[in-house]
Protein chains: 2
Amino acid sequence: MEDTSSRQTRDRILHTAAELFGQQGYSGVSMRRIADACEMKAGSLYYHFGSKDEILSEVLNLGISKVMAAVSQALDELPDTATAPEKLRAALAGHLRALLEYSVFTSANVRIFGQVPEVVRQANLDARRAYETLWDELLAGFHAGGALRADVDPRSLRLMVIGALNATLEWFDPARGDVDGLAARYADVLSHGVFRREGE
Amino acid sequence: MEDTSSRQTRDRILHTAAELFGQQGYSGVSMRRIADACEMKAGSLYYHFGSKDEILSEVLNLGISKVMAAVSQALDELPDTATAPEKLRAALAGHLRALLEYSVFTSANVRIFGQVPEVVRQANLDARRAYETLWDELLAGFHAGGALRADVDPRSLRLMVIGALNATLEWFDPARGDVDGLAARYADVLSHGVFRREGE
DNA sequence: GAATCAACCTAACGTTTGTTAGAGATCAGT
DNA sequence: ACTGATCTCTAACAAACGTTAGGTTGATTC
């Protein structure tokens, strides 16, 4: 990735568009608003992108690749001796950091994917499936290793976990709370449940 | 609530708008599209509603009141002898039934609340707070009764639970799965966690 | 049967939408 | 100083937007 001035404005457009899409929805944001926020005119956007859909598509794809990289890295940094609960917590933290801390693309993806034109949604599905596979393999490892309870389906668990994480976007403010602490609490509840055990 | 013919088309407009808003976002749906789906002309909508925002506002408020009624009823139908896990499961089932099975208003609310004009969001906040209080009281009851683990904060738990439930909207298809079963699995994971206990 | 009313339609308003063509600006290489 | 490429602007296009005023319809009331 070269770092020309053209590339910089291109990135700025994508970053701005992701922010606005996440706040107001796809149709709620016009090309002129994006251009305004980039201190440009609407027509100039078309030098860098062929259409509004093309911006959206790139925003969505970036969203998945960022969160996928974050989770992969979090898992890679773990020692080989890490237990299943430790791996789970690391993966949660990776996902939450991308979602809440540094990736407007990931948060935009989560927020607007459901209301995006069919064509663009299709173009994002491959990336999404790859990310889901990452999780499925992690959870399948837990399952195969006997760490998971036998009556917990790994695939359903993936949907539940990722869903629960994505929902934090609606209320968690990273400026007022610690993301890693949040991940730890989620991992704890998921691992051990919320109710006191008998005999405690 | 009288059942005049005017009231019926009014309800039809609200129902249709909720469906479309949930699928395409608020700005993604025009008055003409709503009117089309209702077999009317756009201008006629203004006989029943003062503006598009007014439709949206009513959709959002209906969404909360429906899910609140569903959870209240699910809890009321429980015998007084019900345990904390049983109450939790009943509340989850009520929320999920409204969200996934019969209330397009609730699902629309969950999907678009984050990207709605400021004024309309404010107008929905009172209802939302009332619903949150319902959950807070339930969980505070668990806490006071000693059912909850001491290191689990009831308020954080509420955010986690409702978020996890709302996220099912993105993948669960009520035509292909059993909502009560889903609620049972969620309640089970939340209650006891996903990992095998030592000594099992 | 004339008058009244609720419910809907028609036709238009001013604005905003995504997009395009072509004209300017900026700057590096010669 | 000139050329060419790169980047942005201006100005406009047709279409769609939310909204409104006034007319048409069919049923109800006197």
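Here is the naming used below: chain letters follow the sequence lines, and residue numbers restart at 1 for every chain. Given the structure is predicted, the values throughout are model-derived calculations rather than measurements. What's counted below: heavy atoms across the whole structure, side chains too, no hydrogens, waters or symmetry copies.
Looking at heavy atoms from C-beta onward, Phe105(A) lies out of side-chain contact with Ile64(A) at the 4.5 angstrom threshold. Contact annotation: the side chain of Leu92(B) approaches that of Leu190(B) to within less than 4.5 Å [non-hydrogen atoms, C-beta and beyond]. By the 4.5 Å heavy-atom criterion applied to side chains, Ser44(A) and Tyr46(A) are not counted as neighbours.
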Which pairs, protein N/O on one side and nucleotides 5-12 of chain D N/O on the other, fall under 3.5 Å?
| residue | atom | partner | partner atom | Å |
| --- | --- | --- | --- | --- |
| dC7(D) | OP1 | Ser6(A) | OG | 3.4 |
| dC7(D) | OP2 | Tyr47(A) | OH | 2.7 |
| dT8(D) | OP2 | His48(A) | NE2 | 2.6 |
| dC9(D) | OP2 | Lys41(A) | N | 2.9 |
| dC9(D) | OP2 | Ser44(A) | OG | 2.8 |
| dA12(D) | N6 | Arg32(A) | NH2 | 3.3 |

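What separates CG of Leu45(A) from P of dA21(C) is a distance of 17 Å, to the nearest Å. Across the protein-nucleic acid pair, Asp53(A) atom CG and dT17(C) atom P stand 16 Å apart, rounded to whole Å. Going from atom CD1 of Ile34(A) over to atom P of dT16(C) covers 17 Å, rounded to whole Å. The interatomic distance linking Arg12(B) (CZ) with dC8(C) (P) rounds to 10 Å, in whole Å. Remark: P of dT10(C) and CE of Met31(B) are 17 Å apart, rounded to the nearest angstrom. Taking atom NZ of Lys52(B) as the reference point, atom C1' of dT20(D) lies 17 Å away to the nearest angstrom. In this structure, the CG atom of Asp36(B) is 15 Å from the P atom of dC8(C), given to the nearest Å. One can place CD of Gln24(B) at 15 Å from C1' of dC17(D), the figure rounded to the nearest angstrom.
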Tyr186(A)/His95(A) under ring pair (Phe, Tyr, Trp, His ring centres under 6.0 Å): CA gap, chis, key distance, verdict: CA-CA 12 Å; Tyr186(A) 268 59; His95(A) 185 102; over 10 Å; no

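The side chain of Tyr46(A) places an N or O atom within less than 4.0 Å of a non-bridging phosphate oxygen (OP1 or OP2) of dT19(C). OP1 or OP2 of dC17(D) sits under 4.0 Å from a side-chain N or O of Ser30(B).
Under the 6.0 Å distance and 45° angle rule, Arg10(B) does not count as a cation-pi partner of Tyr47(B).
At least one donor-acceptor pair closer than 3.5 Å links the side chain of Arg111(B) to the backbone N or O of Leu169(B).
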